[in-house]
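Read the structure below first, then the notes.
Computed from a predicted model, the values in this text were never measured in an experiment. Computed over heavy atoms, backbone and side chain alike; hydrogens, waters and symmetry mates excluded.
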Amino acid sequence: MTARIGIWLAIAVLMAAVGLVAVRITAWVLTGSVVQPMLGGEIKKRLATHPAAAPSPEASVKGAGALRVFTSPGGRVLARCVGQDRAVLTGWSPAIGYHGRLVQDGPAPEAAVIFSREDGVTVRAAVRCTGGLPRLLH
């Protein structure tokens, strides 16, 4: 009797593992995105552990080079400035139901990602730097 219970439990664990793998593969096929979305806690942890970028000599504004998180309807964007006017996307995470496509990660005058849904809705999240501070464009 205990052997049957052990076999049943082993099969249940195996089926749960197969189910998790199937869900991940299905999500990848549906979204077309290999980027794993980050939760708020993961973003805060990354911000806390990410080494601070040394500002370039022309970056005299306090906070230049600091990472900032922006939230758009299509997802979140993690960005910083290099100098006074060059943006860099250091990470991005699509919202549920969206997948993302990187347009320009920088450093560039404008760094952007496009978040899209299956129904054709697209959201462009672009970041520019003004005075060494990243800003999300609307």
Side-chain angles (χ1 to χ4, degrees):
M1 181 78 159
T2 57
R4 287 184 185 180
I5 292 173
I7 292 171
W8 185 86
L9 286 174
I11 291 171
V13 168
L14 179 64
M15 293 306 293
V18 169
L20 287 173
V21 169
V23 167
R24 286 182 182 247
I25 291 171
T26 302
W28 178 75
V29 168
L30 291 175
T31 63
S33 177
V34 294
V35 175
Q36 292 293 321
M38 293 187 291
L39 300 174
E42 292 174 273
I43 292 172
K44 288 178 184 175
K45 182 179 177 184
R46 185 169 176 182
L47 284 171
T49 60
H50 193 279
S56 61
E58 69 269 13
S60 60
V61 176
K62 183 178 180 183
L67 292 171
R68 293 201 50 206
V69 177
F70 299 101
T71 302
S72 76
R76 292 183 178 171
V77 176
L78 184 64
R80 66 179 176 86
C81 293
V82 175
Q84 295 291 309
D85 59 356
R86 295 168 46 92
V88 176
L89 293 185
T90 59
W92 50 274
S93 175
I96 294 174
Y98 286 83
H99 64 276
R101 179 174 54 88
L102 184 64
V103 175
Q104 171 62 265
D105 61 351
E110 182 176 294
V113 62
I114 294 177
F115 298 113
S116 304
R117 290 192 322 210
E118 286 293 321
D119 62 4
V121 172
T122 61
V123 176
R124 185 173 187 271
V127 176
R128 284 189 180 224
C129 292
T130 305
L133 296 173
R135 303 204 187 286
L136 183 66
L137 301 177
H138 296 285

Report whether V121 and I114 are members of the same hydrophobic cluster (ILVMFWY, side-chain heavy atoms less than 4.5 Å apart, transitive linking). no
Residues 1-10, side-chain donor-acceptor partners within the protein, below 3.5 Å, at least two apart:
none

Output the distance between atom OG (S93) and atom OH (Y98), rounded to the nearest 0.5 Å. 13.0 Å
Measure across V123 and S72 and return the closest heavy-atom pair with its distance rounded to 0.1 Å. CG1-OG, 3.9 Å
Looking at every non-hydrogen atom in both residues, tell me the closest pair between R80 and P134 and how far apart they are. CA-CG, 4.3 Å
Do you know the tightest heavy-atom contact between A79 and F70? CB-CE1, 4.3 Å
Do the side chains of H99 and S116 get nearer than 4.5 Å, heavy atoms only? yes
With rounding to the nearest 0.5 Å, note down the distance linking OG1 in T90 to CG in L67. 4.5 Å
Might you point out which heavy atoms bring L136 and T71 nearest each other, and give the distance in Å? CD2-O, 4.0 Å
Between R101 and V113 the two heavy atoms that sit nearest each other are O-CG2, 3.3 Å
When rounded to the nearest 0.5 Å, the distance separating CZ of R135 from SG of C129 is 9.0 Å
Determine the minimum heavy-atom distance between P73 and A95, stating which atoms define it. O-CB, 3.8 Å
The criterion is side chain to side chain donor-acceptor pair (under 3.5 Å); which residues satisfy it with R128, sequence neighbours excluded? E110
